[in-house]
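Reviewing the structure listed below.
Computed over heavy atoms, backbone and side chain alike; hydrogens, waters and symmetry mates excluded. Predicted model only: the values in this text are computed from it and were never measured.
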Amino acid sequence: MKYKLIILTLFISTSVFAQKAKEKLVYFKEWHLPSTVVPASINKYEIVYAPIDLRKVKFESVRKMDEINLEPVKLEEDRLKNGSIFNSLALNQFDYLRHSDYWDTLLTIKISYKDVKFKVEVKDNRQKGDSIAAYKSKLTAYCEVQIIASDKAGTKYYEENKKHEFPITEIKTYKKQKITSRKLAKDLIVSRIKKNIEKYKEDLYEGVAYFTKYLGKPLVSKLDFYVGKTQIPFYLVKKKKGYDFTEINKLTSEYMALFSLPFTDANLLKIQEQGKKCIEFWLEKTKDYEQSDKKDRKVLWALYANVISANYVLGDNEKTIFYNAKVNELNSRKSSTVFNEMVQKRIDLRKLHTDENGNFKRDFTSVSFSKKNKELLKEHENYLRFKALGYLYGGVETNEGDKHEGYVKVNTELKSSTIKDPSYLDGKSATLLTINSLGRINKRMFKAKNCKYLTRSSFNGGDTGSIHKYVPVKFSYNANKEARGGAEIQTRKCRFAFVYVESSKIKMYRYEDAVILQKPGNDYGESTSSLKFQYAFKKELAKFAPDCPEVIEKIENGEYENDIVSIYGFVSDYLECIGIE
């Protein structure tokens, strides 16, 4: 229920009838009971995104005659997700899960985007009485967002599908004059779009994210228990010659001050105990005033209005309705039923969430995950933010044994003009980001040759297998042996290589598209993308399985190819042959 609406309609007669009573509003904190019942067995929730079809976003002309020719814009899926809704979905009575395994105790909140696009429009901009044509052109962004909350069985507890259009830029004048040509208005907006397309793309991301976050609020209201605030009016009686309202206003003010206390059992008890005393006092004071007297009736109105509010706070529904009728009798022309409606809503919601014995089906007062969920959701926001930049959760262990955790990215190309050291290129280094308690980002570089391991995993906690190890790799040979006295020249490069197999007999890694095999005793790996593997694949592969005739036979029969899947099969066959699992 809209609180502002309650106040306006509930005591609309104040300014006309109770001119000597000054309205004061307090926020009464109480448990918000949702209008939809989610079974108590469901106590965890996740947020997932439906696959987003982000074919290039086109510029759509609103009018066929204004059709324009602009290049489509490519949007990034992770950018749309980044920061879109997590903060607004910190539910209290469901523990937030990082991973997305479906089970019976899980509520899944699924978000999907449809028809994200730009819209271009040229409109008549003539003012009333203008004889000369005038036009304006504008660029807007459009999206459609759907949110569905359901359980494993497909039962839907919430569904919302809303469309949203928001302005990006508009042109009304050209050289400080009105635009009198429709074609000029169209050409001007097209020219502005071409010059500022990157900025407008950012505006589109921001607008879609803001709208999605806004859609999270009604979902929380409909599904979750939380401490809500309801505006409740109380009245202080203004001074008037011949009347002394000091005692009335003092006690009323002291009672109102209690509503600013934190929401705790002890403070609720104080409000209840003081409320009972105030009701008794206000009702006793009504005996001092006559309903037949016009001036007294205004004071009676204020006293009974306070009694209504206090009884509502105490949860005494019958007395709230009774004294609401009493107030309406004092001014039948401005009577109100809003408190009656509030009481009925409270009764209906309580009935919805209690069993036949009047006990709540879900013990929402004993457990609150809100703070923990907010922290996890913030972490998830950061994850999506950095994932869009190529980072994942992970850590680095140095050769000295020091361990560092944060968001990790293996550097495969030079991203920053400020980094001059070429050793930070092509997997020779990794960037680690950490975030302190103030939200400040700290960035560090780690060279592969100075590290033992690097790990990366997805937010959901599932291991992506992305474990990287510092591996010196022999990529090629120098063909000009005689120039070096017949010595074989190897090119060794240190890389963060993806770990596939590490055993005492053979090791297998991958760096980008290259498969790397390492023999026992060697301190380097060999790339199967090197020239010698390309020209003598069977011969070179056989060197890695010298003690297994069965595998050698498969190599000679051409059962293995020079690709990662086939070579992994070779390594698995070899380890099985020699009895290592």
Side-chain angles (χ1 to χ4, degrees), residues 1 3-30 230-261 268-344 346-347:
M1 188 175 295
Y3 302 144
K4 290 183 180 179
L5 179 62
I6 292 174
I7 301 306
L8 288 174
T9 56
L10 176 59
F11 292 107
I12 196 169
S13 60
T14 303
S15 60
V16 177
F17 177 67
Q19 295 177 11
K20 299 303 177 182
K22 185 176 181 181
E23 182 183 78
K24 296 286 186 178
L25 302 176
V26 298
Y27 282 100
F28 168 50
K29 304 180 188 77
E30 62 179 333
T230 304
Q231 278 189 324
I232 301 293
F234 287 97
Y235 294 87
L236 302 177
V237 189
K238 291 184 178 181
K239 294 180 181 179
K240 187 170 181 63
K241 189 176 180 180
Y243 291 84
D244 184 8
F245 304 125
T246 304
E247 193 178 8
I248 295 175
N249 290 341
K250 181 177 181 296
L251 193 66
T252 305
S253 297
E254 289 174 351
Y255 183 50
M256 289 191 296
L258 296 178
F259 289 88
S260 61
L261 296 174
L268 287 176
L269 184 60
K270 289 180 184 178
I271 292 173
Q272 290 175 352
E273 290 178 347
Q274 187 63 23
K276 293 174 183 177
K277 293 179 182 178
C278 286
I279 290 172
E280 185 179 347
F281 171 79
W282 290 323
L283 290 177
E284 185 64 28
K285 281 294 181 182
T286 61
K287 299 176 182 178
D288 298 339
Y289 305 96
E290 295 294 333
Q291 186 170 336
S292 58
D293 184 276
K294 185 177 181 181
K295 295 177 182 179
D296 282 7
R297 198 159 64 246
K298 294 175 182 179
V299 182
L300 284 171
W301 187 96
L303 290 170
Y304 283 125
N306 286 344
V307 171
I308 294 172
S309 295
N311 273 302
Y312 181 81
V313 169
L314 292 175
D316 194 327
N317 297 325
E318 291 184 3
K319 289 184 179 178
T320 301
I321 294 174
F322 173 81
Y323 286 107
N324 192 57
K326 191 79 173 177
V327 166
N328 289 337
E329 287 176 10
L330 292 171
N331 186 6
S332 58
R333 291 179 302 163
K334 297 292 183 180
S335 61
S336 170
T337 61
V338 173
F339 255 124
N340 295 357
E341 294 166 5
M342 291 169 65
V343 166
Q344 189 58 51
R346 174 190 272 174
I347 293 172

Could you tell me the separation between the [atom1] atom of [X] and the [atom2] atom of [Y], rounded to the nearest 0.5 Å?
X	Y	atom1	atom2	value
T252	W282	OG1	CH2	5.0 Å
T230	Y312	OG1	OH	5.5 Å
K326	Q291	NZ	CD	6.0 Å
Y323	D316	OH	CG	9.5 Å
N317	M342	CG	CE	10.5 Å
Y235	S309	OH	OG	7.0 Å

Apply salt bridge (charged side-chain N to carboxylate O under 4.0 Å, His left out) to [X] and list each qualifying residue two or more places apart in sequence or on a separate chain.
X	value
K270	none
E290	none
E318	none
E30	R346

Counterpart residues, side chain to side chain contact (heavy atoms under 4.5 Å, CB included), relative to [X] (two or more places apart):
X	value
K285	E247, I248, F281, D288, L303
K295	K240, Y243, D293
K277	Q274

Open item on the list: Please determine whether the number of non-hydrogen atoms from other residues, nucleotides or ligands lying under 6.0 Å from atom CD of E280 exceeds 12.
Closed with: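 Open.
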Please name all residues satisfying side chain to side chain donor-acceptor pair (under 3.5 Å) with [X], sequence neighbours left out, ordered by chain then number.
X	answer
Q344	D348
K276	none
S292	none

TODO: Apply the test side chain to side chain contact (heavy atoms under 4.5 Å, CB included) to residues I321 and F339: give CA-CA distance (whole Å), side-chain angles for both, the deciding distance (0.1 Å), then the verdict.
DONE: CA-CA 7 Å; I321 294 174; F339 255 124; over 6 Å; no
Open item on the list: Classify the ring geometry of Y289 against F245: parallel below 30°, tilted from 30° to 60°, perpendicular beyond 60°.
Closed with: tilted
TODO: With side chain to side chain contact (heavy atoms under 4.5 Å, CB included) as the test, would you mind laying out the steps for T320 and N324 before giving the verdict?
DONE: CA-CA 6 Å; T320 301; N324 192 57; 5.5 Å; no
Task: Chi angles and distances behind the side chain to side chain contact (heavy atoms under 4.5 Å, CB included) call for M256, L236 - done: CA-CA 11 Å; M256 289 191 296; L236 302 177; 4.2 Å; yes
Counting N and O atoms only, with roles assigned by atom type, does the side chain of [X] sit under 3.5 Å from a partner on the main chain of [Y], one being a donor and the other an acceptor?
X	Y	value
N306	I279	no
K29	L268	no
S253	K250	no

Open item on the list: Show me the pairs that pass salt bridge (charged side-chain N to carboxylate O under 4.0 Å, His left out) and involve residues 300-315, at least two apart or across chains.
Closed with: none
- [ ] Give the minimum heavy-atom separation between V327 and A305, together with the two atoms involved.
- [x]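 Scanning both residues, the minimum pair turns out to be CG2-N, 3.8 Å.
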Open item on the list: Tell me every residue that passes ring pair (Phe, Tyr, Trp, His ring centres under 6.0 Å) with Y255, counting only those two or more places apart in sequence or in another chain.
Closed with: F234, F259
